[in-house]
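The structure appears right after this line, and notes come after that.
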Protein chains: 2
Amino acid sequence: MITQSIQDYLKVIYKLAVNRKQVNTNAIAERLGVTQASVTSMLKKLSELNLIEYKPYYGVELTGGGEKIALEIIRHHRLLELYLAEALGYSWDQVHEEAEKLEHHISEEFEDRMAAVLGDPDFDPHGAPIPSKDGVMQERYLVSLASVGAGARVQVKQVSDHNAELLRYLGKMGIYPEVEIDVLEKAPFGGPLHIRIAGREHHLGESLTNQIWVTPQPARDEPEATS
Amino acid sequence: MITQSIQDYLKVIYKLAVNRKQVNTNAIAERLGVTQASVTSMLKKLSELNLIEYKPYYGVELTGGGEKIALEIIRHHRLLELYLAEALGYSWDQVHEEAEKLEHHISEEFEDRMAAVLGDPDFDPHGAPIPSKDGVMQERYLVSLASVGAGARVQVKQVSDHNAELLRYLGKMGIYPEVEIDVLEKAPFGGPLHIRIAGREHHLGESLTNQIWVTPQPARDEPEATS
DNA sequence: ACTATTTTTTAGATATATCTAATTATTTAT
DNA sequence: ATAAATAATTAGATATATCTAAAAAATAGT
């Protein structure tokens, strides 16, 4: 039986693997809030179930089966987030916590009906791509707002969904997916970024701009590709 | 921590207590599909948590706290059933199974928002009353269709929600809450009941009519109460 | 009232996922 | 290259909810 715990491990491993190449015990333990010892014993189990490729002291890789389960759960999570926002009027800082619990307990029927009501959406309220039923994601090439230089105009595409307080703060400033931002000034040594958005100006620290993902190129004044 | 298991035990105890007066180990075990030994050990635990009054070899009664949790779960279940039917287009034979899982995992926020979308409903799709947030239920005095004599016209008010096949069969005959039934003939010794509903006639066995609950008095030709 | 049957409880085992503490392996720094 | 630091694993314990098999208590039948 695939327990909730197994699903959580696979989801975290998937997400870590997207960034780094080698996923280590440490990182999994930290993300899940359990001890390293717990992770080790669970990795053994996942390996026996053929959900991961596990080489002790090296790292972990999902097998086809493991990735399938991870993507199913991520699809559940992101569909739920959008459904809670659209159909039940949740604010975008509330949806993550609720989806985190429900993602493990909804049926395929529920998943399908939500998707139908929402018109088979591609992105959740924070701009994260929703994997399709057969495990394909609309991947995009985005950069963190922290890496953008002064003078650029970029478009917000995605924000981190973990921290409710952060989301409320972004909401107050009007920073949502699809909104355009002018980067006015960039303080040296990772200092605050001075931006303008919908006519209002703000200074944002690095721990904030690290969690905002934008289009890599300026959204305007870019020459069209010529054949 | 109140586990899912504890919630299930309290729900079953509540439902058994509504019918019989004394709730025994046997009945709980049967309803939950576990052994009597498991029930005994769980009853001890529930007693320690002050959720039930437990006298070994006698029976079990819910305390105020236990009843509160039971009613919360029943509210979740019935609100979910109605929400799945109304908002997501589930048929009435599908809602029970999904609600049975989700009832343990939705937040109070989710509960409140469903209730708001549905306009604070009093009954679920099978006609079962939905407890209010402070634990009050719209109780009605109903009788089983099996107990109704020939010649009566009664109104369906509630049907059992457990058996999906039964529900599909009832649906096919048009037997839903609020529909009126004429009882034409009653075979002796618990034989089939001959009924007419919306112009069509059917013969129903006792195991079926036992699961249909109707108004105790004839729904028409009843004198208005005079002051 | 005593025996037989049914019901309930106890005793002891299992499975899952977690923990702490101690050990072993790997990596980093001088 | 060896010591120090970091990371991962093992061993053994805990907690929860379940099970089977056996014993004890309550109920029913003659």
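Numbers restart at 1 for each chain; the letters A, B, ... are given by sequence-line order, proteins then strands. Hydrogens, waters and symmetry mates are skipped; everything else that's a heavy atom, side chains included, is used.
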Decide, yes or no, whether a salt bridge links [X] with [Y] under the criterion of side-chain N to carboxylate O below 4.0 Å.
{"X": "K44(A)", "Y": "E48(A)", "answer": "no"}
{"X": "D112(B)", "Y": "K133(B)", "answer": "yes"}
{"X": "E109(A)", "Y": "R113(A)", "answer": "yes"}

(Q) I need a per-nucleotide contact map over nucleotides 1-17 of chain D, read 5' to 3'. Cutoff is protein heavy atoms under 4.0 Å; write B for the base, S for backbone only, - otherwise. (A) ------SBBB------S
Q. Parallel under 30°, tilted from 30 to 60°, perpendicular over 60°: which one fits the rings of Y83(A) and Y83(B)?
A. perpendicular
Q | For L62(B), the option from L51(B), L46(B), I52(B) that meets side-chain contact (heavy atoms from CB on, under 4.5 Å) | A | I52(B)
